[in-house]
Peer 1: 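Mind looking over this structure? Questions follow.
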Number of protein chains: 2
Amino acid sequence: MRLTKETVIQTAADIADKDGLGGVSLRAVAEKLAIRTPSLYNHIDNLDGLLREMAHRGMREMNARMLQAAVGRSGDAAIKAVSVAYLEYMIAHPGVYETIQWALWHGSAETAEIFEQYKSLLVKLILSCRLKNPDTGEILPLLTGFLHGYCTMQLGKAIKNPEGAVRGLEMALDTVLLGIHGTYGQG
Amino acid sequence: MRLTKETVIQTAADIADKDGLGGVSLRAVAEKLAIRTPSLYNHIDNLDGLLREMAHRGMREMNARMLQAAVGRSGDAAIKAVSVAYLEYMIAHPGVYETIQWALWHGSAETAEIFEQYKSLLVKLILSCRLKNPDTGEILPLLTGFLHGYCTMQLGKAIKNPEGAVRGLEMALDTVLLGIHGTYGQG
DNA sequence: TTTACAATACTAATCTTATTAGTTATAATA
DNA sequence: TATTATAACTAATAAGATTAGTATTGTAAA
């Protein structure tokens, strides 16, 4: 009688990072916790609920790390530091990240709220670039899209060579930011 | 005794586009075809195999449409036209696109091969930009990443407002291409 | 300290799917 | 027409999620 919801979520996250989102089943979680599958229902609503909570936990952790990375920085440097934190989280927790993407489609109002916090951080950093025409309605989707897509497509290589992947991300980001400064004006 | 593998795949694709990848089950496919579930095994290996074939079919279709969009164009204009074709396929077939992403992780050698064809097209278009330093090893991941990420994150809105989404993609792409020209040299 | 309650684990049972084995009907072909 | 391969079917098994109902135990009030 010691098991907590947090432990259940952590166990599911471990399985996801090891075997992918598809490897997460109540059966597998219960087995790892050495309890019977139905006992999990004392802690969670159902499988989808567990996955959602795992995603939320991961999103909050990502947001926290990105916030830390942004401290003391502004403009391009801040965006790059935050992006590196984003990629490093993905490398460390690919299964949780996969679950986060799943939750962006199968999520709740809470999912949307945490995602808003992420976008809100990026908006502040975009504004800190002091662009002539800081159209965050255009720049934000560009950045979030690039970040998700670039990191996702590079994840396989990134896990094998994290430093190289971080370098690659920073260079690609330099190019993207160069374009943003060109389009939206030097500050 | 008329059912063909092509019909099975098409049926699965229809379900995916309507209910998402998660909605595709042998049960659902069989029901739509008015046959019993085990009968599907006369046409496919198993569920994963069906999903993979659906993905391959979709990837080939995307490649074909992108190739058509590139005909008669070069440089930035070609990249933009191909990107629009990419987004338009996603809007028309979100479930198949979701399955394609699944297949990039759970795929076979054939999956990798079709994906190579896609990248090969983009490489040719990048080279057609006549950059001073056409480092496709850097530019290709930047472009594929941006394209996947931007379109994925905008898909919800894009389905509601396709024209607006296409415009948004083209503008974002202008910015990215501006950065690419800045970093890798005007031709 | 003892009792009552709430939390949590368990077993048993049901439902949905995927998958395999074995059988039967049929369309094409020799 | 007889043969054969194809593709449908039924029956059966296994994995998983979920629900219902029962038992146990830690906590906290009496």
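Order of the sequence lines fixes the chain letters, A, B, ..., with proteins taken first and strands second; residue numbering starts at 1 for each chain.
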Peer 1: Given atom CG of A:Leu47 and atom P of C:dT16, what is their separation to the nearest angstrom?
Peer 2: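 That distance rounds to 17 Å.
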Peer 1: Over how many whole Å does the gap from A:Asp45 atom CG to D:dA17 atom P extend?
Peer 2: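 Spelled out: CG on A:Asp45 to P on D:dA17 is 15 Å.
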Peer 1: Would you mind reading off the distance between A:Leu40 atom CG and C:dT11 atom P, rounded to a whole angstrom?
Peer 2: 14 Å
Peer 1: Looking only at side-chain atoms of B:Ser39, point me to the closest of D:dC9, D:dT18, C:dA18.
Peer 2: D:dC9
Peer 1: Side chain of A:His43 only, heavy atoms from C-beta on: which candidate in C:dT19, D:dT18, C:dA9 is closest?
Peer 2: C:dA9
Peer 1: If the cut-off is 4.0 Å, is A:Arg27 near the phosphate of D:dA15, judged by side-chain N/O to OP1 or OP2?
Peer 2: no
Peer 1: Whole angstrom is fine here: how far is it from CG in A:Leu3 over to P in C:dA9?
Peer 2: 5 Å
Peer 1: Parallel, tilted or perpendicular: which describes the rings of A:Tyr118 and A:Tyr86, with under 30° parallel and over 60° perpendicular?
Peer 2: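 The rings of A:Tyr118 and A:Tyr86 sit tilted, inter-plane angle from 30° to 60°.
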Peer 1: OP1 or OP2 of D:dT10 sitting under 4.0 Å from any side-chain N/O of B:Arg36?
Peer 2: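 Yes, B:Arg36 has a side-chain N/O under 4.0 Å of OP1/OP2 on D:dT10.
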Peer 1: Does a side-chain N-to-carboxylate-O contact under 4.0 Å join B:Lys119 and B:Glu116?
Peer 2: yes
Peer 1: When you measure from the side chain of A:Tyr41, which nucleotide among D:dA17, C:dC10, D:dA8 comes out closest?
Peer 2: D:dA17
Peer 1: Let me know the distance between CD of A:Glu31 and P of C:dC10, rounded to the nearest Å.
Peer 2: 13 Å
Peer 1: Roughly, in whole Å, what's the span from CD1 in B:Ile35 to P in D:dT10?
Peer 2: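 Roughly 12 Å, once rounded to whole Å.
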Peer 1: Give the nucleotide from the list D:dG16, D:dT18, C:dT19 with an atom nearest to the side chain of A:Pro38.
Peer 2: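 For A:Pro38, the side-chain atoms sit closest to D:dT18.
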Peer 1: Should B:Asn42 and B:Leu3 count as side-chain neighbours, where that means a heavy-atom distance under 4.5 Å?
Peer 2: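 The answer is no, as the side chains (C-beta and beyond) never meet within the 4.5 Å cut-off.
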Peer 1: So does A:Arg57 pair up with A:Glu53, basic N to acidic O under 4.0 Å?
Peer 2: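 No, this pair does not count.
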Peer 1: Hey, is the side chain of A:Asn42 pairing donor to acceptor with the base of C:dA9 inside 3.5 Å?
Peer 2: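 Present.
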